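Protein chains get the first letters and strands the later ones, always in sequence-line order, with residue 1 at the start of each. Because the structure is predicted, anything quoted here is derived from the model rather than measured.
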2 protein chains.
Amino acid sequence: MRIGQLAQLVGVETQTIRFYEQQGLLPPPDRQDNGYRVYTEKHGEGLAFIRRCRILGLSLAEIHELQSYQDDPHQPCTAVNALLDDHISHVRSQITALQALEKQLVSLRASCNDDRGVEACGVLAGISEGNMHQQ
Amino acid sequence: MRIGQLAQLVGVETQTIRFYEQQGLLPPPDRQDNGYRVYTEKHGEGLAFIRRCRILGLSLAEIHELQSYQDDPHQPCTAVNALLDDHISHVRSQITALQALEKQLVSLRASCNDDRGVEACGVLAGISEGNMHQQ
DNA sequence: TTAAAACTATAAAGCTACTATAAGGTCAAT
DNA sequence: ATTGACCTTATAGTAGCTTTATAGTTTTAA
Ligand SMILES: [Zn+2]
Ligand SMILES: [Zn+2]
Ligand SMILES: [Zn+2]
Ligand SMILES: [Zn+2]
């Protein structure tokens, strides 16, 4: 299986596959005589794993860490679960920050309707005056 | 006023000020004979405006757009308000996506307790099996 | 058969919004 | 005279790819 087929199978671009290989997330495959990469099903599974992790918002570093646990299956899975717990709290704090931001933006937006000139725009005035309530 | 004083006044690093100048967000100040930048109060206001926009999550491109409106004060402010509306919807869709993600992560986490080996870890199994419900 | 289309390879740059480092010039005080 | 604080430019690094450039290979079609 060549790189294009693998890419289509998993739904990634070929460059992305090369990039993961370069980053050490995907093992370097064998090469044909012409230098073309040849992939096996294992590579497909590995790549799909990476993609699912990315969809879950995990960073490449976190994925790398997960892979190191996979390579050592007799360890207790405490570290895996802890990694996920950490990531969940990342996500939660992002949500909290964005919600505070949304509130601020909505109140700023409420300070203007569309029937004004830029010089009287409540939004621009609100930003310029700097009476922003820090979270 | 030199760059260090301006930086301290607004609470930014000096490199950030030079960066904004390079990006066309802050007008190039006059220079002393020795090449040092000399800033006025106007620059201070401009820089503070940029920083407040950044705190509101606006991109440098969006800030640039806002500045172009400021330079043309007789236009109606429809575009300003529209920019903010767009940004609010950016933020809202990010929140929605993150909330869906959080749900997925929490349910994945619930599939494992800490008292297993990596080979039986519900989290790793959940990712590997790929039975993830796409949002 | 040959020429174009499609695929592969590497290397390097671009994206965002800075931050950090290097190597050096300027200035006040000691 | 030299230390230290400040300023200058240029360059590289961050994350996770995407895009571009350049070139070699394979497949398909005329
Ligand atoms: Zn994380
Ligand atoms: Zn307005
Ligand atoms: Zn925006
Ligand atoms: Zn587990």
More than 12 foreign heavy atoms under 6.0 Å from CD of B:Glu41: is that the case here?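 No, the 6.0 Å shell around CD holds no more than 12 heavy atoms from other groups.
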To the nearest angstrom, how far is A:Arg37 atom CZ from C:dC7 atom C1'?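 In whole Å, C:dC7 C1' lies 13 Å from A:Arg37 CZ.
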May I have all residue pairs that pass salt bridge (Lys or Arg N to Asp or Glu O under 4.0 Å) and include part of residues 85-104 of chain B, sequence neighbours excluded?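 Residue pairs passing salt bridge (Lys or Arg N to Asp or Glu O under 4.0 Å), neighbours aside: A:Arg92-B:Glu102, A:Glu102-B:Arg92, A:Arg109-B:Asp85.
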What pairs of residues pass the salt bridge (Lys or Arg N to Asp or Glu O under 4.0 Å) test when at least one of them lies in residues 58-71 of chain A, not counting sequence neighbours?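 Output for this query is empty, none listed.
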One character per nucleotide, please: for nucleotides 14-29 of chain C, 5' to 3', B when the base has a protein heavy atom closer than 4.0 Å, S when only the sugar-phosphate does, - otherwise. ---BBSB----BBS--
Over all heavy atoms of both residues, which pair between B:Val80 and A:Cys121 is shortest? Give the atoms and the distance, please.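 Looks like CG1-SG, 3.6 Å.
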Taking the axis from the first five pairs and the axis from the last five, what angle separates them in the helix from C:dT1-D:dA30 to C:dT30-D:dA1, rounded to 10 degrees?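 Inter-axis angle at the ends, rounded: 40°.
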Taking [Y]'s backbone N and O only, do any of them form a donor-acceptor pair with [X]'s side chain (distance below 3.5 Å, no angle check)?
{"X": "B:Thr16", "Y": "B:Val12", "result": "no"}
{"X": "A:Thr14", "Y": "A:Gly4", "result": "no"}
{"X": "B:Arg31", "Y": "B:Tyr36", "result": "no"}

Give me each pair satisfying ring-ring contact (aromatic ring centres under 6.0 Å, His included) with a member in residues 85-104 of chain A, each pair once, sequence neighbours excluded.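 As it turns out, the ring-ring contact (aromatic ring centres under 6.0 Å, His included) pairs with a partner in residues 85-104 of chain A, which skip direct neighbours, are A:His87-A:His90.
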Where chain A begins and ends its contact with DNA chain D, read 5' to 3' at 4.0 Å from heavy atoms: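 From 5' to 3', the first and last contacting nucleotides are D:dG16 to D:dT26.
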Do A:Arg37 and A:Leu6 pass the side-chain contact (heavy atoms from CB on, under 4.5 Å) test, and can you show the C-alpha distance, the side-chain angles, and the key distance before you say yes or no? CA-CA 10 Å; A:Arg37 291 170 174 82; A:Leu6 177 62; over 6 Å; no
Run the side-chain hydrogen bond (donor to acceptor under 3.5 Å, both in side chains) test on A:Tyr20 and A:Arg54 for me, step by step, so that the C-alpha distance in whole Å, both residues' side-chain angles and the decisive distance to 0.1 Å come before the verdict. CA-CA 12 Å; A:Tyr20 288 153; A:Arg54 292 292 300 131; 4.5 Å; no
